[in-house]
Participant: 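Following this message is one structure expressed as C-alpha cells.
Order of the sequence lines sets the chain letters (A, B, ...), proteins ahead of strands, with each chain counted from 1.
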Amino acid sequence: MKTTTKGVHSRRRLRYAVPAGIVSASLFLAACGGGDTGDGSTGEGGDKASGGAPAADVLDKASGVTTVAFWHAMDGTNAEALTKLVTDFNAQNTGKIEVKATYAGKYDDAITKYKAAIQSKSTPDVIQIYDIGTRFMIDAKQTIPMQSFIERDKLDVTDLQPNITGYYSIDDKLNSMPFNTSMPVLYYNKSLFKAAGLDPEKPPQDLAAIRTAAEKLSKKGGGPADYGFGAAIYGWLLEQFIATDGKEYCDQGNGRDGKATKVLFDQPEAVEVVKWWQQMVKDGYAANTGRDTKAAQAAFKSGQLAITLESTGQLGGYSKAAKEGGWELGAANYPHIKAGTEGGPIIGGASLWINGENHEDANKEAAWRFVKFLADPKSQAQWHIGTGYFPISKGALEEPADVTYRKANPLFDVAVQQLENTKLSKATQGCLLGVMPQARKASEDGLEAALNGTDPQQAMTKAAESLSAQIKQYNDSVG
Amino acid sequence: MDEVTDVTTTSGEKVLPEHGSGEDPGERSGTPSPTPAGREARREPFVAVLYLLPALVVFGVFIFWPLVKSILLSVQGTDILGNPSGFVGLVNYTRLFSDPDFLQVLWVTFAFTILTVIPSIAIALLIALLLQSRIKGVRFFRTAFALPFAFSVATASVIFGVLFNPASGVLNGILNTFGIDKVQWLTNPDLALWSVSGATVWMQIGYNLLVLSAGLGALPEDVLEAARLDGASGLRLQRSIVMPLLTPQLFFLVVVGTIHSLQSFGQIKILTVGGPEDRTTTLVYSIYEQAFANNNSNYGYASAQAMVLLVIVLIITALQFGVLERRVFYR
C-alpha cells in the first residue's frame, strides 16, 4: 500500500507512466500480427501449388521413424476418442511412422495458428480445418489434394459417403479428407408434445407446422413449455434452411463453378425464414436465447423449449438430459421452409488436409497413410461410437460395434436416413467462399437484428452487403 | 486511538523522505564536487544510459517496435494469409471513416468508458470512506472488498456469465423471488452494455479501493486536526479537506482507469462476443475481430483502427492532464 501511495504522489512518475500505457494500446495488435511478416517470406505458395502425391514407395526407402505432426481442434471426449485412434495407428506402424497429435485450439484458433505457421514455414503434416475454411485452404496453396493420392493408388472410394465428400470436392476432385462430420436435425420433446395434445410421432417438418405446434406448446398459448420453439442465432441453421429449400447460399453455383462474388442469404426464401422466426419471437412462441449455442441447448435440456434445431453432435447430450429429466426425446429431419421442396441439409464438421509445401516426401506419404487409416470403416465406426459424429464411411455403419451402438441410440438412424435421402446438388454441397466464416457471422448479425425488431429484408440485405467489400478484397488478393 | 497515532507517525515519516528526495538534484550536484571534477561529470550521461539500457531494450522490442510496425501495417493491404500486400496509402483509414458501423464502435467505446470509470471510482471511494471508520472487523471488510483485484478478468467474466444466465442465473433467480420477469442481461441489445459494464466495475473496484484507502491512510493528520480545531466536521470535513487532499489519487485513477477501460477485451470476448447487434463491440474488440476472429487477418485495417485508438487515448489523456490536473492538489 505504501508504494502505491508513493507512486501516486509522484506526479513526475505518472507523467511518464501514462504515455507508456497508451502506447501499449497499439502493442496488442502488432505484437501478435505483425511479428512474422517482416522477414520477406511473403511469396510462399503464391506462384505454385504444392504439387501432387509423392511416389508410393518413398516411405519404404526412408530410414528410421517418420514423424507426422498432426494438429487438431478436438477437445473433451472427442479428443479422447481421437487419441485412441492415434495410439492404434502408431501401434500398427511401430518403427516406421509415429503420429504426434497436438491440440491447436478451437477451429478459429487452429486456423489462425496455421496461418502463422505458413509464414514461418512450419506447418504440420496434417491439420484438421473446419468446413467453412475449405475455400481458404485451397487458396492458401499449401496442401496436396486427396485426389492425387487417390488417383496414384487407384483407390476405390465408393465406401465414402458421396454426400459428405461432396462438400470438400470441386469438379468431383476431393481436396481434403472429411473426418468429423455432423448434420443438422430437428429435436423435440415428446413428453411435452403429449402434454400439449400433439401426436409425438408426427414432428413438424416445415415452418408453418412448427408454428402451429409451437402455439399449442407455448405457455403463451396455454401449453406446457415456456416456449414451443427456440434455437441459437447460429448462421449454420440459416444455411441449412436455404439448402433444404434447394437454393444456393452464394453465387457461381455455390462457389463451385468459380469464385463466388456475393452471398445470397437475402434472397426471398431466406428472408421468409427470418420473418417467420421474428414473428415467432414477437408472439411469444419462440425464445431468443442469443448467439451462444449453449444457452439454447441448456433451455432445451431443461424442458423450457419443446422444439429446437441442432447438430447430430448434440444427440448424446440430449439423450442423457432426457434420461435424467425423465422425458422422452425425439429427432426428425431438418425442417423445410415449405413442405415438398426438393433439397436437403448440408453436412458440417471438419476435414483433414495434408501439407505439401516445405514437407519431405516421406512425411507426405506417412501423412496419407494416417489419413487413410482414419477414413477406413473400422476407425470411422470407432470414431462414430466414441463421439457421435457421423461416419464418413458407408462400411462403418455395418461394423458390428456400430450396429449395436445404433440399436442403443435409434434416433441416430434419423440422421443416417436423412443423409442417404439427400440428393447431391450444388445446393446441398454447400457454399464455398473464402470469407465463409465472416459470411456466417454477418448472417447472424442480420438474423439477430431482425429478432430484435429490424425489418427482416432490410436486416438481411444490410448484412449481405456488408460482405461485398470483404469478398472482393479476398478474391483480388488470391487472384 | 493507538491506531490513529500510528497513522500520524507513518504519514509523517512518509512525507519527510519525499521532501528529501525532492531536493535530490541539489544534493547530487553538491556531492560530486569534492571528487576530481570533469571526468565524473562527463561520464555521467553514459552511465545513465547504461542503467536505462535494460528498460529501453524491453520497451523498444515490445512497445516501440510494434508501434512502428502497426503504423506501417496500417498503410498496407493484407493478403489472405495476413502478409502485407503492398502500400495502399490511406485506403484503410478512408474505409474506416466511411463505415457507419465504425461510428457505433466509437460510441460504444465512449459509453463503456463512462459507464465503468465513473462508477468504479465513486463506489470505491464510498467504500474506502466507510472503511475508515473504526468498527470491529474492519480489516476483514477491507480485505473482502479489495478481493476483486485478485481475480483475473477471465475468471471474473466466467463467473459473471453464470450469474447473468437468463435461465439458471442467480440474478434472475433473485428477481424471480420478487415476481419480476426474466431479464435478458446479455442478449437484450439495450441492456448488454450495462451488464458488461457492471461486471467491469466490480473487477475495477478492488484496485481503486486499494489506491484510495492508501491515500486516505496517508492523509496528513496535522491538516485534519487543524480543520477539526477550526470546527469542521462530518461532511464539511470530507468535502473541503479530505477530498482536495485525495485529488492526486482520484486523478491517477481517472487517467489509468480510462486507459484501462479503453483497452478492455476479456470480459467482452467472454460475456457477449461483441454482440448483440455489435452493441458491445468496443474499439479493441473490433480490432481483434478484424485481425483474428472468423479467419480474418485484415491486419492493415485492424492496425488503422489501432492508430485511431492510440490517437483517442492520447487526446483524452492530454485533456485530462490539461483540464483535470489543474484541480489536483499536490502536497
Participant: For a 4.5 angstrom cut-off between non-hydrogen side-chain atoms, does A:Asn288 reach B:Gln184?
Facilitator: no
Participant: Can you tell me how far apart CG (B:Asp79) and CG (A:Asp476) are? Round to the nearest 0.5 Å.
Facilitator: 12.5 Å
Participant: What is the distance from atom CG of B:Asn165 to atom OG1 of A:Thr289, rounded to the nearest 0.5 Å?
Facilitator: 10.5 Å
Participant: Tell me the closest heavy-atom pair linking B:Thr78 and A:Gln473, and the distance in Å.
Facilitator: O-NE2, 4.0 Å
Participant: May I ask you to check whether over 12 heavy atoms, not counting those of B:Lys182, lie within 6.0 Å of atom NZ?
Facilitator: yes
Participant: Could you tell me which portion of A:Asp226 (side chain, backbone, both or neither) has an atom closer than 4.5 angstrom to a non-hydrogen atom of chain B?
Facilitator: side chain
Participant: Just verifying a value: how many Å separate A:Gln119 CD and B:Asn83 CG, rounded to the nearest 0.5 Å?
Facilitator: 4.5 Å
Participant: What is the minimum heavy-atom distance between A:Asp108 and B:Ala293, and which atoms define it?
Facilitator: OD2-C, 4.4 Å
Participant: Which residue in the set B:Asn296, B:Asn298, B:Asn294 passes side-chain hydrogen bond (donor to acceptor under 3.5 Å, both in side chains) when paired with A:Gln438?
Facilitator: B:Asn296
Participant: So which part of B:Glu289 gets closer than 4.5 Å to some heavy atom of chain A, the side chain, the backbone, both or neither?
Facilitator: side chain
Participant: Does a side-chain heavy-atom distance below 4.5 Å link B:Asp101 with A:Lys462?
Facilitator: yes
Participant: Pick one of side chain, backbone, both or neither for A:Gln304, based on which atoms fall under 4.5 Å of a heavy atom in chain B.
Facilitator: side chain
Participant: A:Ala449 versus chain B, heavy atoms under 4.5 Å apart: side chain, backbone, both or neither?
Facilitator: both
Participant: Report the residues that fulfil side-chain contact (heavy atoms from CB on, under 4.5 Å) with B:Asn295, sequence neighbours left out, ordered by chain and then residue number.
Facilitator: A:Ile111, A:Lys115, A:Tyr130, A:Phe136, A:Pro437
Participant: Please give me the minimum heavy-atom distance between B:Thr187 and A:Gly290, naming the atom from each residue.
Facilitator: CG2-CA, 3.6 Å
Participant: By side-chain contact (heavy atoms from CB on, under 4.5 Å), which residues pair with B:Phe149, not counting sequence neighbours?
Facilitator: B:Tyr207, B:Leu210
